[in-house]
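Positions are given from 1 along the sequence. Just so it is clear, the structure is predicted and the values come from calculations on it, not from any experiment.
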Amino acid sequence: MAATDFKDYYAILGVSKTASPEEIKQAFRKLARKYHPDVNPGNKQAEARFKEVSEAYEVVSDADKRKKYDQFGQYWKQAGEGFPSGGVGADMGGFDFSQYGNFDEFINELLGRFGGATPRGGRQSYSYQRTSTGASSGFSSSFNDFGFQDAGAGTTQDSEAAITLTFAEAFNGVQKRFSLGNETIDVRIPSGAKPGTRLRVRGKGQINPMTQQRGDLYLKVELQPHSFFQMEGDNLVCEVAITPDEATLGASIDVPTPDGSVNVKLPAGVRSGQSLRLRGKGWPLAKGGRGDQLVKVAIAPPKDLSQQEREYYEKIRAIRTYNPRSHLQQVRL
């Protein structure tokens, strides 16, 4: 099939590439009713449209066919099959596929050019995420259906990888060393990196197989869980347990921060789940300064009481006037 013969089945059905099977079925039924020959007797244009819609539905409604179509585009029928030799009976956009045993073999060879894969017979497959920039050169678009962009002079092959940091590394900044094939690079990660932060390393991405130009590498930051701290936006969050008497009477407690422990005053009557804000004690901000640290209070009753403690708790219960559940007496369905 020549590039000009390619049919966008999703566009024909009027759905997106991410449409669910049910959405595809609904779109087909609507179009089938509209263009059915019984509804349009003698209308050749409607008949052709009906055949086109039926062809599109036959492919994208089948999970296996749809997967191949999404991956290989106009050459989805050839995926996993042997290529016709010598170009007999098949138009492959002017490219000679006869040297490959099947379509997957061709894809692996093409991907292998990015990372020095072994020759055919001992070839490796590569999985990567790529973004492209630059304008098209007008080069024949035979490779577009394989997930590549036109090989114009401005086209780059960017890639993305995840990097996991400890809270201390992300807070303070750190230098990490990476191995990219036979190349070793040092990357300086600035202070304040957060989950989802993307760091750009210029000229260290994949190599464009047509121009041999190299794209950029993007490192997406992930944080290892910490035993005490968590991240919520620009704020650092922690949970601190307090005793019932501290919650009732108020108290001064020591709370860890990235800068060391600070003394925090608990107001009398603080509730479990309530947050206290330590301004400027949170995560480093990209614009400078620090976010806040939120201290969530959790009232922790003692599990093991001494005899004297139990006596005093029983006395408090006997003379207590406050009932936190009094409002529940009015609750009805």
Side-chain angles (χ1 to χ4, degrees), residues 16 18-23 26 162 164-172 191-198 220-333:
S16 68
T18 58
S20 66
E22 185 60 32
E23 290 172 330
Q26 291 176 359
T164 302
L165 305 176
T166 66
F167 265 67
E169 290 173 334
F171 181 88
N172 297 306
S191 169
K194 298 184 297 183
T197 297
R198 294 176 79 239
K220 186 176 181 181
V221 173
E222 298 175 356
L223 290 186
Q224 291 180 3
H226 193 276
S227 60
F228 183 72
F229 294 113
Q230 294 180 351
M231 288 290 301
E232 286 187 6
D234 290 330
N235 296 320
L236 199 59
V237 179
C238 65
E239 183 177 275
V240 174
I242 62 173
T243 61
D245 58 281
E246 290 174 328
T248 302
L249 303 175
S252 291
I253 62 173
D254 290 331
V255 176
T257 75
D259 307 312
S261 292
V262 298
N263 192 260
V264 177
K265 185 176 181 180
L266 291 175
V270 67
R271 293 175 176 272
S272 191
Q274 185 174 339
S275 292
L276 306 176
R277 185 179 296 270
L278 305 182
R279 297 192 179 278
K281 292 296 184 181
W283 208 249
L285 303 176
K287 59 186 178 182
R290 297 262 295 276
D292 299 333
Q293 179 174 333
L294 302 181
V295 181
K296 291 184 178 180
V297 173
I299 299 175
K303 294 182 178 180
D304 299 314
L305 295 173
S306 67
Q307 183 61 35
Q308 187 177 24
E309 286 175 327
R310 181 173 295 277
E311 290 175 0
Y312 277 107
Y313 270 111
E314 289 175 348
K315 289 180 181 179
I316 291 174
R317 180 169 61 183
I319 63 175
R320 175 170 46 80
T321 59
Y322 173 61
N323 181 7
R325 298 176 298 281
S326 60
H327 65 288
L328 299 181
Q329 298 174 3
Q330 309 300 322
V331 175
R332 299 289 187 276
L333 285 176

Q: Can you tell me if Glu314 has over 12 outside heavy atoms packed within less than 6.0 Å of its CD?
A: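 Check passes, neighbour count above 12.
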Q: Hey, are Asp304 and Arg310 close enough for a salt bridge, meaning a charged N less than 4.0 Å from a carboxylate O?
A: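 Here Asp304 does not pair with Arg310 in a salt bridge, since their nearest N and O are not under 4.0 Å apart.
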Q: Are Arg290 and Phe171 close enough that some pair of their side-chain heavy atoms sits under 4.5 Å apart?
A: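 SC-SC contact between Arg290 and Phe171 confirmed.
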Q: Please report the closest heavy-atom contact between Pro284 and Ser191, naming both atoms and the distance.
A: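 Heavy atoms of Pro284 and Ser191 come nearest at CG-OG, 3.5 Å.
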Q: Tell me the closest heavy-atom pair linking Ser275 and Lys296, and the distance in Å.
A: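 Closest approach of Ser275 to Lys296: OG-CG, 3.3 Å.
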Q: Before giving the answer on side-chain contact (heavy atoms from CB on, under 4.5 Å), spell out for Gln230 and Cys238 the whole-Å C-alpha distance, their side-chain angles and the decisive distance to 0.1 Å.
A: CA-CA 6 Å; Gln230 294 180 351; Cys238 65; over 6 Å; no
Q: With sequence neighbours excluded, what pairs up with Lys194 under the side-chain hydrogen bond (donor to acceptor under 3.5 Å, both in side chains) test?
A: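 Residues passing side-chain hydrogen bond (donor to acceptor under 3.5 Å, both in side chains) with Lys194: Asp234.
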Q: Starting from the C-alpha separation in whole Å, work towards a yes-or-no answer on side-chain contact (heavy atoms from CB on, under 4.5 Å) for Val240 and Val297.
A: CA-CA 5 Å; Val240 174; Val297 173; 6.0 Å; no
Q: Measure the OG1-CD distance between Thr197 and Glu222 for me, rounded to the nearest 0.5 Å.
A: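 Separation between the atoms: 11.5 Å.
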Q: I need the minimum non-hydrogen distance between Val270 and Ile299, along with the two atoms involved.
A: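 Heavy atoms only, the tightest pair is O-CD1, 3.9 Å.
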Q: Is there any side chain to side chain donor-acceptor pair (under 3.5 Å) pair reaching into residues 235-257, and which pairs are they, with sequence neighbours excluded?
A: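 Side chain to side chain donor-acceptor pair (under 3.5 Å) check on residues 235-257 returns Thr243-Asp245, Thr243-Glu246, Asp254-Asn263.
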Q: Kindly say whether Arg279 contributes a backbone atom to a donor-acceptor pair with the side chain of Arg277 at under 3.5 angstrom?
A: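 No; zero donor-acceptor contacts below 3.5 Å.
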Q: What are the two closest non-hydrogen atoms of Pro258 and Gln293, and how far apart are they?
A: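 Result for this residue pair: CD-OE1, 3.5 Å.
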Q: Verify side-chain contact (heavy atoms from CB on, under 4.5 Å) between Leu223 and Thr164, making sure each step is shown before the conclusion.
A: CA-CA 5 Å; Leu223 290 186; Thr164 302; over 6 Å; no
Q: Is a side-chain N or O of Glu23 found less than 3.5 angstrom from the main chain of Ser20, in a donor-acceptor match?
A: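 Confirmed, Glu23 side chain pairs with Ser20 backbone.
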Q: Got a salt bridge between Lys281 and Asp292, using NZ or NE/NH1/NH2 to carboxylate O under 4.0 Å?
A: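 Salt bridge: no.
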Q: Flag the pair Pro244 / Tyr313 as yes when at least one side-chain heavy-atom distance between them is below 4.5 Å, and no otherwise.
A: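 Yes, close enough: below the 4.5 Å cut-off.
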Q: Is there a side-chain contact (heavy atoms from CB on, under 4.5 Å) between Phe229 and Val237 once you walk through the steps?
A: CA-CA 6 Å; Phe229 294 113; Val237 179; over 6 Å; no
Q: Got a donor-acceptor contact below 3.5 angstrom from the Trp283 side chain to the Ala170 backbone?
A: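 Answer holds: no.
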Q: Drop me the distance from His226's NE2 to Leu236's CG, to the nearest 0.5 angstrom.
A: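 It is 8.5 Å, given to the nearest 0.5 Å.
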Q: Just wondering, are more than 12 heavy atoms of other shown residues or ligands nearer than 6.0 Å to CZ in Phe228?
A: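 Atom CZ in Phe228 is packed in, count exceeds 12.
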Q: Among Leu266, Ile253, Leu294, Val255, exactly one meets side-chain contact (heavy atoms from CB on, under 4.5 Å) together with Leu276. Which residue is that?
A: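 Result: among Leu266, Ile253, Leu294, Val255, Leu266 is the only option passing the side-chain contact (heavy atoms from CB on, under 4.5 Å) with Leu276.
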